[in-house]
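These notes concern the structure reproduced below.
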Amino acid sequence: MTTAPVVPLPLDRLRARTSEKWREYPADVLPMFVAESDFPLAPAVTAALHRAVELGDTGYTASRTPLAQTYAEFAARRFGWDVDPARIRSTADVSMGIVELLRRVTEPGDRVIITPPVYPPFYDLVDEAGAVVERVPLTETDAGWRLDLDGIETALAGGARAVLLCSPHNPTGTVHSPAELARLAELAREYGATVISDEIHAPLVHPGAVFTPFLTASAAAAEVGYAVTSASKAFNLAGLKCALMITAGERPAEVVRGLPLEVEWRTGHFGMLAGVAAFSPESDAWLDGVLLTLDRNRRLLADLLAAEVPRARYRLPDASYLAWVDLGGLGWGDDPARRILREAKVALHFGPQFGDEGRGFVRLNFACGEDVLADAVRRIGALARS
Ligand SMILES: Cc1ncc(COP(=O)(O)O)c(C=O)c1O
């Protein structure tokens with residue numbers, strides 16, 4: 001059976017949505033900032049939520065749900081990853097999972113390595129956990145962005161206690177190689193540190209790249225690692241609040257088992273119901289259709305930028321729907337998204353918020369219709385020519 005692309009909703013429908021993407025800016029602005037997507041929901045998700053609404057099934061999330069088993073089967077189908085459902089616990093969102101784990105694997109004031117440019121809330125999550133950020137920027141090579149493993153070793157040797165990994169990486173769309181992940185795990189084990197791998201974008205890896213779950217990278221990775229993930233990016237369920245914390249090794253499993261019941265209790269019931277529907281085999285064809293559309297869009301963006309904003313520098317992301325675009329060549333200063341918002345009426349994410357490495361960059365969300373993407377890039381092109 002050939003896969004049918006999932007077509008994003010038209011703008012007039014989307015503007016009736018009331019989430020952050022559609023309420024932050026006035027209607028003359030094209031919103032391409034926050035990581036929400038413009039696809040209709042996967043039909044199995046819609047059906048599960050309809051059922052719950054009709055029933056008034058709006059109570060607390062049950063302590064026994066099919067979520068862990070359903071995710072384990074999804075991980076086996078999509079990543080070839082053999083996850084033990086008994087090693088999965090849920091919580092409200094990936095951010096909360098990260099904070100709760102960091103609280104348990106660090107002492108107040110410990111340093112936690114992050115790899116900027118990176119998802120801006122990582123700075124706050126480390127802070128919220130009572131730890132301190134240690135920045136070890138990615139390095140840009142001809143083949144794309146890479147972890148600076150020597151820099152990470154230096155930081156670990158200097159006493160950093162944990163690495164907060166973004167895998168795949170937001171905003172660059174980098175899929176880390178098995179060799180890099182195995183080396184990272186080895187370093188963490190050598191220095192007695194922990195790796196927390198945020199794998200929220202993993203279901204959205206594009207053709208040509210292969211996602212390696214951190215916990216499968218090596219025996220050392222299983223010993224030192226935690227994965228935190230969710231259906232919320234691939235299936236646009238962020239408002240429903242459900243994420244998974246996964247371990248493989250005995251010690252990390254013990255840490256997760258030791259989390260207060262309250263951490264799991266905060267899982268959203270609708271998030272759990274939608275997550276089960278999203279990770280079920282019934283939604284595989286929908287996810288494949290979304291990937292088809294996103295693969296087209298990441299390439300379309302390259303063509304549009306080449307035609308409209310030739311001084312932009314953009315590398316196709318290997319995962320997800322976020323484009324990290326260097327507009328430094330336009331002479332619009334450190335934070336070009338400010339001028340683009342003001343004058344072109346396109347809302348992009350502000351590069352410097354991802355770290356100093358983001359000066360001159362913007363992050364553009366291309367999980368939208370081709371017409372919207374084309375309109376946005378043409379508006380930026382017109383500004384560049386003005
Ligand atoms: C890398 C990464 N982690 C976490 C999140 C937020 O996840 P949650 O809403 O589950 O906290 C996002 C959202 O875009 C993200 O890109």
Side-chain angles (χ1 to χ4, degrees), residues 19-21 24 31-39 61 67 71 88-103 112-129 133 138 145 147 163-176 195-205 211 213-214 226-246 263-264 266-268 270-272 274-275 278-279 290 294 317-324 347-351 353-355 358 363-368:
S19 59
E20 170 69 2
K21 184 170 185 182
E24 178 65 8
M32 315 190 77
F33 63 113
V34 70
E36 296 181 20
S37 64
D38 295 355
F39 299 107
T61 307
L67 183 62
Y71 181 76
I88 299 179
R89 285 190 80 184
S90 66
T91 190
D93 54 32
V94 166
S95 307
M96 180 175 285
I98 290 170
V99 172
E100 293 298 339
L101 293 173
L102 279 176
R103 282 194 175 126
V112 173
I113 297 167
I114 63 170
T115 58
V118 74
Y119 177 59
F122 272 19
Y123 294 88
D124 296 332
L125 300 180
V126 171
D127 185 57
E128 190 182 337
V133 162
L138 296 182
W145 281 273
L147 295 173
V163 181
L164 178 51
L165 181 71
C166 197
S167 180
H169 193 90
N170 170 2
T172 58
T174 307
V175 173
H176 304 299
V195 177
I196 298 176
S197 184
D198 174 340
E199 301 185 352
I200 198 169
H201 292 281
L204 294 175
V205 169
F211 169 68
F214 179 73
Y226 299 78
V228 190
T229 193
S230 169
S232 69
K233 290 300 121 183
F235 292 86
N236 201 39
L237 305 173
L240 302 185
K241 297 293 167 194
C242 176
L244 303 172
M245 296 170 287
I246 307 170
V263 172
E264 191 154 3
R266 290 177 193 132
T267 307
F270 274 25
M272 182 280 294
F279 291 135
V290 161
L294 294 181
D318 288 327
S320 208
Y321 50 75
L322 306 168
W324 186 234
L348 305 174
H349 211 325
F350 307 108
Q353 291 187 358
F354 294 76
R363 193 194 73 178
L364 181 153
N365 173 346
F366 58 80
C368 59

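Predicted model only: the values in this text are computed from it and were never measured. We count ligands from 1, going down the list as the structure has it; atoms in each ligand are counted the same way.
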Legend entry - Between His169 and Tyr119, ring centroids under 6.0 Å: no

Legend entry - Qualifying salt bridge (Lys or Arg N to Asp or Glu O under 4.0 Å) pairs with a residue from residues 233-244, counting only residues at least two apart or across chains: Asp93-Lys241

Inset, instruction - Start with the C-alpha gap between Glu199 and Ser167, add the side-chain angles, then the distance that decides, and say whether side chain to side chain donor-acceptor pair (under 3.5 Å) holds. - result: CA-CA 5 Å; Glu199 301 185 352; Ser167 180; 4.7 Å; no

Inset, instruction - Could you grab the distance from atom CZ of Phe279 to atom CG of Leu67, nearest 0.5 Å is fine? - result: 7.0 Å

Would you mind listing each N/O atom of ligand 1 next to any protein N/O under 3.5 Å, plus the distance?
unit_1: ligand 1; atom_1: 3 (N); unit_2: Asp198; atom_2: OD2; d: 2.5
unit_1: ligand 1; atom_1: 10 (O); unit_2: Val94; atom_2: N; d: 2.9
unit_1: ligand 1; atom_1: 11 (O); unit_2: Val94; atom_2: N; d: 3.4
unit_1: ligand 1; atom_1: 11 (O); unit_2: Ser95; atom_2: N; d: 3.0
unit_1: ligand 1; atom_1: 11 (O); unit_2: Ser95; atom_2: OG; d: 2.6
unit_1: ligand 1; atom_1: 14 (O); unit_2: Lys233; atom_2: NZ; d: 3.1
unit_1: ligand 1; atom_1: 16 (O); unit_2: Asn170; atom_2: ND2; d: 2.8
unit_1: ligand 1; atom_1: 16 (O); unit_2: His201; atom_2: NE2; d: 2.8

Inset, instruction - Would you indicate whether the side-chain heavy atoms of Ile196 and Val163 approach each other to under 4.5 Å? - result: no

Inset, instruction - Calculate, to the nearest 0.5 Å, the distance between atoms CZ and CG belonging to Phe39 and Asn236 respectively. - result: 9.0 Å

